[in-house]
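Just so it is clear, the structure is predicted and the values come from calculations on it, not from any experiment.
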Amino acid sequence: MADSNAERPLRKISTAFKELAATVTSPSPQVPVAQFSHACSLVSPLFGCLGIAFKFAEMDYVAKVDDLAKASSSVSTLVVMVDKDIEADCVRKAGSHTRNLLRIKRGLDMVKALFEEIIASEGSNSLKDPASKSYAQVFAPHHGWAIRKAVSLGMYALPTRSQLLTMLNEEETEAKIQMQSYVNASAPVIAYVDNLFHSKQLGIDW
């Protein structure tokens, strides 16, 4: 029987983030840029499944993950990458690897919050409430009025819960297991990136 994981993005995401979580929670974590960017790239299709409301997030997220993937050919770990940007005094400049890392982290946080809301809203076929709550929690504080308005209007074009599961090639029960797995595994990864920024006195609210 052929391996069906190739058509099941939730399982690929879950596996990759479990491995990433094991890396960041090791006694002296050294997180390879290549491993981090690969795991993050597997999340990209999720934004695409959510339609026009998250089109901006998909385009922004994909571009920034691509940047880190390219950087991985010359930079070994996330710590080394951030240190290089600090030395070059370009941390907050548009296009810097460190700035892109912060934006990617928010994307991971958004998906984590969305999955938590979807799991909690069992019995409802609408994604509007879970998507609105997770957007308000993670992205909205960093977006101007125009983007927030566009996202709000786009929420009416979200797929239903059952349509999303069809796109992800999953049944309800298995999807919840994989979503919870990502929630659990992404938490230490997100915390690691936050701690990295705080340890360099960079902050995370910019």
Side-chain angles (χ1 to χ4, degrees), residues 7-14 16-17 37 39-69 94-95 99-187 189-190 193-194 204-206:
E7 300 85 34
R8 291 184 167 166
L10 287 182
R11 298 178 194 210
K12 292 166 76 175
I13 293 166
S14 169
F17 273 85
S37 60
C40 293
S41 72
L42 298 174
V43 176
S44 301
L46 288 174
F47 289 111
C49 290
L50 294 172
I52 196 165
F54 290 92
K55 191 65 185 173
F56 76 93
E58 180 190 14
M59 293 167 65
D60 191 59
Y61 180 87
V62 168
K64 287 169 173 50
V65 171
D66 283 348
D67 172 69
L68 259 59
R99 186 176 184 274
N100 288 348
L101 173 60
L102 182 59
R103 300 306 190 271
I104 291 168
K105 190 271 300 188
R106 277 187 203 136
L108 300 179
D109 214 355
M110 169 73 203
V111 173
K112 176 177 174 286
L114 177 65
F115 283 179
E116 286 172 332
E117 293 293 343
I118 288 174
I119 292 166
S121 67
E122 189 174 13
S124 169
N125 196 34
S126 173
L127 291 182
K128 187 172 183 294
D129 203 38
S132 297
K133 284 181 179 174
S134 49
Y135 174 79
Q137 178 185 324
V138 179
F139 280 151
H142 305 283
H143 287 164
W145 179 85
I147 292 180
R148 292 200 306 270
K149 182 69 174 173
V151 171
S152 176
L153 292 171
M155 291 291 180
Y156 293 97
L158 284 167
T160 62
R161 186 190 190 105
S162 54
Q163 285 170 336
L164 177 65
L165 293 180
T166 299
M167 283 187 268
L168 297 173
N169 195 24
E170 290 290 358
E171 299 293 332
E172 175 78 30
T173 304
E174 184 62 29
K176 280 174 61 180
I177 291 170
Q178 300 301 334
M179 286 181 183
Q180 188 62 56
S181 175
Y182 170 81
V183 167
N184 296 343
S186 65
V189 175
I190 291 165
V193 176
D194 282 346
I204 56 172
D205 292 319
W206 49 277

Which heavy-atom pair separates S37 from A69 by the least distance, and what is that distance? OG-CA, 3.6 Å
How long is the gap from NZ on K128 to OH on Y156, to the nearest 0.5 Å? 4.0 Å
Which of parallel (below 30°), tilted (30 to 60°) and perpendicular (above 60°) describes F17 and Y182? perpendicular
Nearest 0.5 Å please: distance from the CD1 atom of I204 over to the CG atom of L101. 11.5 Å
Locate the shortest heavy-atom distance separating R148 from A140; write the atom from each residue and the value. CD-O, 3.7 Å
Rounded to the nearest 0.5 Å, what's the gap from CD on Q163 to CG on L168? Could you check? 12.0 Å
Hey, can you tell me if F139 and F56 have their rings parallel, tilted or perpendicular (30° and 60° cut-offs)? perpendicular
Salt bridge check: are E116 and K112 linked by an N-O gap of less than 4.0 Å? yes
Tell me if a side-chain donor or acceptor on S44 pairs with a main-chain N or O of S41 at a distance below 3.5 Å. yes
For the CG atom of D60 and the CD1 atom of I147, what is their distance to the nearest 0.5 Å? 8.5 Å
At their closest point, which heavy atom of I118 faces which heavy atom of M179, and how far apart are they? CG2-SD, 3.9 Å
Looking at P130 and S126, what are the two nearest heavy atoms and their distance? CD-O, 3.8 Å
Can you check whether L46 reaches L10 side chain to side chain, under 4.5 Å on heavy atoms? yes
Locate the shortest heavy-atom distance separating P159 from L50; write the atom from each residue and the value. CD-O, 3.8 Å
Is any side-chain heavy atom of L108 closer than 4.5 Å to one of V193? no
Please examine the side chains of V189 and K105, heavy atoms only from C-beta on, and report whether any two atoms are closer than 4.5 Å. no
For L165 and E172, work out which heavy atoms get closest and say how close. CD1-OE1, 3.3 Å
Quick one: pull up CD1 in I104 and CG in L68 and give me the separation to the nearest 0.5 Å. 4.5 Å
Decide, yes or no, whether a salt bridge links E122 with K176 under the criterion of side-chain N to carboxylate O below 4.0 Å. yes
Spacing of CG belonging to L164 relative to CG belonging to L158, to within rounding of 0.5 Å: 9.5 Å
Within a reach of under 6.0 Å around CH2 of W206, are more than 12 heavy atoms found that belong to other residues, nucleotides or ligands? yes
Just by modelled atom types, is the C40 backbone N or O under 3.5 Å from a matching donor or acceptor in the Y61 side chain? yes
Sub-4.5 Å side-chain heavy-atom contact between L114 and F47: no
Criterion side-chain contact (heavy atoms from CB on, under 4.5 Å) on Y135 and M110, from CA distance to verdict: CA-CA 7 Å; Y135 174 79; M110 169 73 203; 4.3 Å; yes
Could you walk me through whether S162 and T160 satisfy the side chain to side chain donor-acceptor pair (under 3.5 Å) test, starting with their C-alpha distance in whole Å, then the side-chain angles of each, then the deciding distance to 0.1 Å, before giving a yes or no? CA-CA 5 Å; S162 54; T160 62; 3.2 Å; yes
Within a strict 4.5 Å, meaning less than it, do heavy atoms of the E174 and I177 side chains meet? yes
Take atom CD1 of I119 as the centre, draw a 6.0 Å sphere, and report whether it contains more than 12 heavy atoms from other residues, nucleotides or ligands. yes
